[in-house]
Engineer: 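Mind looking over this structure? Questions follow.
Sequence positions, counted from 1, serve as the residue numbers for this chain.
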Amino acid sequence: MSAKKESLGKTVGIVVAVCLVCSIVVSGAAVGLRSLQQTNAALDKKSNILNAAGLYEMGMSNSVIESTYAERVEPRFVNLDSGQFVEAPTADYDMYKAAKQTEYSTQVTNSNVGFQRRPDVASVYLVRDAQGDVSRIILPVHGSGLWDLMYGFLALDADGQTVRELIYYQQKETPGLGGEVQNPAWQDKWDGKEIYENGDVAIRVVKNANPSNPHTIDALSGATLTSNGVENTIRYWVGEQGFGQFLKNQAWRS
């Protein structure tokens, strides 16, 4: 009986030891992977910003992405109420995290963009040409699709009016339908469209849009709710609750 107890004790001890070792290995791997994931996420973000800036080329190495971003893109922060550049509220400020904190955000009103609060201070990215002049302004945008929020970057010319790119980098829409927001052929339809008409937000996503109309983009076939979500998103972020005052002030020219 004593031998059996001793054997059972050894077995339990071995199991505990193995579990302890495994937990240490898993924890160590998780910490290492978290750092790698953060690095990859930052690189992916820069790639998408370069894409919106018209500077990304297929096959760019990580080092070229980093150097091109550092040389041509200037990250800034904007107070959405005043439309003026400000310093980041905190050292590690993130506009999407800030939107979840009442001290850094404002309630969304009279809009159906799919979220309840927007940050008081938002990120913008100024793209500079070889002479150092601002050639594009990139605005982070997000809003509801059919299934979930969609995240992207809207790139405007330095006039603050003319669209050059709308790049969605995160969405959960139906492949072949709403998922076509990431189809380059549809993205190209935004190039040259104008956000405002006589100072008012005029951009629309409609069925059978007239290609010659500077304010309308053809809706995605079979994806009415996703198309509506895109329109609501862009109209919100270039409107008075979003970057509207910033675009009106054209603070990047000062």
Engineer: Would you say Asp218's side chain and Asn208's backbone share a donor-acceptor pair under 3.5 angstrom?
Structural biologist: yes
Engineer: Can you sort out the partners of Ser221 under side chain to side chain donor-acceptor pair (under 3.5 Å), two or more places apart, ordered by chain and number?
Structural biologist: none
Engineer: Can you list everything that forms a side-chain contact (heavy atoms from CB on, under 4.5 Å) with Gln182? Sequence neighbours excluded, please.
Structural biologist: Tyr168, Gln171, Gln187
Engineer: In chain order, what residues pass the side-chain contact (heavy atoms from CB on, under 4.5 Å) check against Gln107, with sequence neighbours excluded?
Structural biologist: Gln116, Arg117
Engineer: Would you confirm whether Asn232, through its side chain, and Asn228, through its main-chain N or O, come within 3.5 Å as a donor-acceptor pair?
Structural biologist: yes
Engineer: Can you list the residues that meet the salt bridge (Lys or Arg N to Asp or Glu O under 4.0 Å) rule with Lys172, with sequence neighbours excluded?
Structural biologist: Asp148
Engineer: With no hydrogens and no angle check, is any side-chain donor or acceptor of Ser144 less than 3.5 Å from a backbone partner on Leu149?
Structural biologist: no
Engineer: Without swapping roles, check the side chain of Tyr93 against the backbone of Val121 for a donor-acceptor pair under 3.5 Å.
Structural biologist: yes
Engineer: Using the test ring-ring contact (aromatic ring centres under 6.0 Å, His included), find all partners of Tyr151 that sit at least two apart in sequence or belong to another chain.
Structural biologist: Tyr96, His142
Engineer: Quick one: does Ser61's side chain have a donor or acceptor within less than 3.5 Å of a partner on Val64's backbone?
Structural biologist: yes
Engineer: For side chain to side chain contact (heavy atoms under 4.5 Å, CB included), just list the numbers for Val163 and Glu194, CA-CA rounded to whole Å, side-chain angles, deciding distance to a tenth of an Å, and then say yes or no.
Structural biologist: CA-CA 6 Å; Val163 179; Glu194 297 177 2; over 6 Å; no
Engineer: Listing request: all salt bridge (charged side-chain N to carboxylate O under 4.0 Å, His left out) pairs with a residue in residues 57-72, at least two apart in sequence or in separate chains.
Structural biologist: Lys46-Glu66
Engineer: So does Ile203 get a backbone contact from the side chain of Arg235, meaning a donor-acceptor N/O pair under 3.5 Å?
Structural biologist: yes
Engineer: For Arg204, check side chain to side chain donor-acceptor pair (under 3.5 Å) against everything at least two apart and list the hits.
Structural biologist: Glu231
Engineer: Checking the side chain of Asn249 only, and the main-chain atoms of Ser82 only, is there a donor and an acceptor separated by less than 3.5 Å?
Structural biologist: yes
Engineer: Under the 3.5 angstrom rule, does the side chain of Ser135 hit a backbone N or O of Val127 as a donor-acceptor pair?
Structural biologist: yes
Engineer: Got a sec, which residues hit side-chain contact (heavy atoms from CB on, under 4.5 Å) with Arg118, two or more places apart in sequence or on another chain?
Structural biologist: Leu80, Asp81, Thr106, Val108, Phe115, Asp120, Tyr236, Trp237
Engineer: Not counting sequence neighbours, which residues clear side chain to side chain donor-acceptor pair (under 3.5 Å) with Asn62? List them please.
Structural biologist: none
Engineer: So which residues get pulled into Leu225's cluster when ILVMFWY side chains under 4.5 Å apart are joined, directly or through others?
Structural biologist: Leu146, Trp147
Engineer: Is it the case that the side chain of Asp159 and the backbone of Thr162 share a donor-acceptor pair, with hydrogens and angles ignored and the cut-off at 3.5 Å?
Structural biologist: yes
Engineer: Apply side-chain contact (heavy atoms from CB on, under 4.5 Å) to Asp133 and list each qualifying residue two or more places apart in sequence or on a separate chain.
Structural biologist: Asp129, Gln131
Engineer: List for me each residue that meets side chain to side chain donor-acceptor pair (under 3.5 Å) alongside Gln250, sequence neighbours excluded, and say none if there are none.
Structural biologist: Arg253
